[in-house]
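Notes follow once the structure below has been shown.
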Amino acid sequence: MAAPEYEAYFRVIRRIPRGRVMTYGDVAIAAGFPGRARRVGYALHGLKDARVPWWRVVNAQGRIAIDGGRGEGAERQRDLLEAEGVELVGEGRLRLADCRYVPPAFRSPGAGRRAPKRRGGP
DNA sequence: AGCCTGACTCGGA
DNA sequence: CTCCGAGCCAGGC
């Protein structure tokens with residue numbers, strides 16, 4: 001990768017357990033680059049490393065982000081997710097509440113839900 | 001250099 | 001539920 005920033009993203013994504021998913025924003029935060037959700041998307045867009053389970057990354061709405069959820073890429077991702085046991089609802093939508101993966105570092109006393117709210121950037 | 005795009009996100013209408 | 005605008009930022013032209 002050109003930038004260590006991308007390496008950090010891929011490292012986080014590689015840690016996602018089978019059958020779980022993370023959102024772009026959470027991957028960015030876990031990698032130490034809060035507010036860089038778009039960078040994560042761009043990093044995956046140009047991804048060539050097959051070791052990275054890119055299909056375990058979806059947008060914050062629990063939808064397939066590729067091509068608006070439609071197209072070959074989206075179909076492939078849906079296929080891979082289903083193969084791992086991720087429950088899909090409707091067209092390219094999944095139950096985030098059941099399969100969302102939150103790294104231990106994210107957990108904070110009291111909250112135990114999601115990362116602190118961030119709007120776009122820092 | 002500037003301008004446009006996008007595998008993002010969030011709050012509001 | 002959907003649609004829209006604003007914020008961010010690396011890449012491509």
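Lettering follows sequence order; numbering is per chain, from 1.
Nucleotides B:dA7 and C:dG7 have their P atoms positioned 22 Å apart, rounded to a whole Å. Rounded to the nearest Å, the gap between the C1' atom of C:dC8 and that of B:dG6 is 12 Å.
Residue contacts shown for A:Y24 include a base, since a base heavy atom lies under 4.0 Å away. Heavy atoms of A:R93 sit under 4.0 angstrom from primed sugar atoms or phosphate atoms, though from no base atom.
The nearest whole Å value for the distance from the OH atom in A:Y6 to the C1' atom in B:dA7 is 12 Å. The interatomic distance linking A:R36 (CZ) with C:dG11 (P) rounds to 13 Å, in whole Å. Rounded to whole Å, the distance from CZ on A:R38 to P on C:dA6 is 14 Å. Atom CG of A:L44 and atom P of B:dA7 are 11 Å apart (whole Å). In this structure, A:F33 places its CZ atom 13 Å from C1' of C:dA10, rounding to the nearest Å. A straight line from CD of A:Q61 to P of B:dT9 spans 8 Å, rounded to a whole angstrom. Atoms CH2 (A:W54) and P (B:dA7) sit 13 Å apart, rounded to a whole Å. Per the geometry, CD belonging to A:E75 stands 18 Å off P belonging to B:dA7, to the nearest Å.
Closest to the side chain of A:T23, out of C:dG11, B:dT9, C:dA10, is B:dT9. Considering only side-chain atoms of A:R63, the nucleotide from C:dT2, B:dT9, B:dA7 that sits closest is C:dT2.
The backbone N or O of A:G62 lies less than 3.5 Å from a partner atom in the side chain of A:N59, making a donor-acceptor pair. At distances below 3.5 Å, not a single donor-acceptor pair connects side-chain atoms of A:E5 with backbone N or O atoms of A:G32. Distance alone, capped at 3.5 Å, places no donor-acceptor pair between the A:D67 side chain and the A:G69 backbone.
For the pair A:E84 and A:R56, the salt-bridge criterion is met [side-chain N within less than 4.0 Å of a carboxylate O].
A:R14 CZ: more than 12 foreign heavy atoms inside a 6.0 Å radius.
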